[in-house]
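In what follows, every heavy atom counts, from backbone to side chain, and hydrogens, waters and symmetry copies are set aside. Reminder, nothing fancy here: chain letters follow the sequence lines and each chain counts from 1.
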2 protein chains.
Amino acid sequence: MEKAPRSNDLRTRVGGQSGLERRPLVHVRLDDVDHRLLAALAEDARLANNALAQKVGIAPSTCLARVRRLRDEGVLRGFHADVDPALAGRPLQAIVAVRMHGAARSRLKAFLRELAELPGVMNVYLLGGAHDFFVHVAAPDSDGLNDFVIENLSANPGVALTETNLIFEHVRASWY
Amino acid sequence: MEKAPRSNDLRTRVGGQSGLERRPLVHVRLDDVDHRLLAALAEDARLANNALAQKVGIAPSTCLARVRRLRDEGVLRGFHADVDPALAGRPLQAIVAVRMHGAARSRLKAFLRELAELPGVMNVYLLGGAHDFFVHVAAPDSDGLNDFVIENLSANPGVALTETNLIFEHVRASWY
DNA sequence: TATGAAACAGCATAAGT
DNA sequence: ACTTATGCTGTTTCATA
């Protein structure tokens with residue numbers, strides 16, 4: 001039996017999920033233990049398997065298998081550090097609401113993908129409703145924000161209008 | 001020498017930052033290595049110190065000290081698992097824009113704090129602009145979403161109007 | 001399917017250069 | 001800031017219930 005190079009299954013195959021590609025929409029049955037695992041990892045993604053197992057009351061080996069299953073099924077999409085944009089040089093956050101011209105809607109998803117790659121862009125939400133999408137962006141200053149909106153949004157001929165909402169506070173909820 | 005119970009410094013003192021409390025607004029100088037560390041951890045929060053060090057091209061001990069500094073300074077706010085709401089039983093996401101009555105604005109922050117604790121609430125954004133805040137929420141179904149808006153938002157006498165935007169796609173950007 | 005033990009590998013941590 | 005060295009912990013497999 002060839003020995004695979006020890007792949008820490010909790011850490012590998014993380015990321016690489018843009019959120020834009022269509023997912024097979026499987027239904028996953030999650031029991032109470034699974035929910036506790038998800039809650040614990042949502043709160044602290046760096047919990048070691050041992051500590052995690054103890055926290056939810058199962059054996060480490062069982063815990064490892066459960067978490068691997070959750071990852072393989074796609075319930076656990078990844079593990080990310082939460083960086084404070086203000087302290088990382090981007091103290092000015094905004095949510096820019098954008099409406100497109102009707103003809104440009106076919107290229108919308110590709111456009112969003114490009115936007116998500118731009119520096120400072122934190123989230124992009126494709127919407128149904130009065131606006132077509134929201135861009136959550138963090139900028140170094142007011143000029144930077146203005147430049148972002150003008151150069152990356154308004155400059156696009158498909159963009160009909162933008163509405164910039166400054167963010168005064170952002171509370172990231174604990175999820176459940 | 002008393003042996004402190006091995007505290008993995010990368011994992012301790014994580015969480016407990018709601019985002020609502022006022023921060024001392026210190027300026028942090030980040031060099032290129034720091035930015036690479038943040039980017040790497042934002043992409044995969046479970047990278048072990050060794051692997052992280054190798055990835056950014058510094059020694060493990062240096063890496064440990066750097067990351068600890070980033071955490072102590074508040075640049076690294078925490079490490080969170082990214083759970084797919086759809087596969088976890090909440091396939092319907094929305095961003096609800098809310099405007100308050102003028103008189104109710106003084107209690108706004110406390111209100112947001114309460115909202116953030118509700119099941120399904122993922123983000124709350126306090127805004128300046130046409131709306132007072134946005135609530136990013138994930139609901140089990142259309143009824144659940146409706147109930148959330150009515151019971152937790154419209155029911156509040158301070159709420160003047162709500163505008164629910166369904167989310168078709170959510171792209172979480174790679175941060176930088 | 002979950003558990004527990006055992007073995008191994010790999011990591012955090014603290015010296016010293 | 002790097003290198004080295006050392007306990008020690010976490011991961012992993014396998015046998016068992």
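Checked against the 6.0 Å centroid criterion, the rings of B:Y125 and A:H136 qualify as a close aromatic pair.
Side-chain contact between A:V124 and B:H170 is absent, with no heavy atoms from C-beta onward closer than 4.5 Å.
When the side-chain nitrogen and oxygen atoms of B:N49 are compared with OP1 and OP2 of C:dA12, one or more of them lie within a distance under 4.0 Å. At least one side-chain nitrogen or oxygen of A:N50 sits closer than 4.0 Å to the OP1 or OP2 atom of D:dG10. Neither OP1 nor OP2 of C:dT13 sits under 4.0 Å from any side-chain N or O of B:R68.
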Query - Test log, rule salt bridge (charged side-chain N to carboxylate O under 4.0 Å, His left out), inputs B:R90 and B:D84 - result: CA-CA 9 Å; B:R90 299 182 174 270; B:D84 187 332; over 6 Å; no
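B:R66 comes within 4.0 angstrom of the backbone, heavy atoms only, and of no base.
For B:A48, whose side chain is taken as the heavy atoms from C-beta onward, the closest listed nucleotide among C:dA2, D:dA1, C:dA12 is C:dA12. Taking every side-chain heavy atom of B:A59 into account, D:dT3 is the closest of C:dT3, D:dT11, D:dT3.
Across the protein-nucleic acid pair, B:R71 atom CZ and C:dA12 atom C1' stand 14 Å apart, rounded to whole Å. Separating the CG atom of B:L47 from the P atom of C:dA12 is a distance of 11 Å, rounded to the nearest angstrom. Rounding to whole angstrom units, CZ of residue A:R46 and P of C:dC11 are separated by 12 Å. Across the protein-nucleic acid pair, B:L64 atom CG and C:dC11 atom C1' stand 10 Å apart, rounded to whole Å. Put simply, CG on B:L52 is 18 Å from P on C:dG10, counting in whole angstrom units.
Scanning atom types as modelled, one donor and one acceptor separated by under 3.5 angstrom connect the side chain of B:S61 and the base of D:dT3.
The closest side-chain donor-acceptor pair between B:H80 and A:E43, if any, does not fall under 3.5 angstrom.
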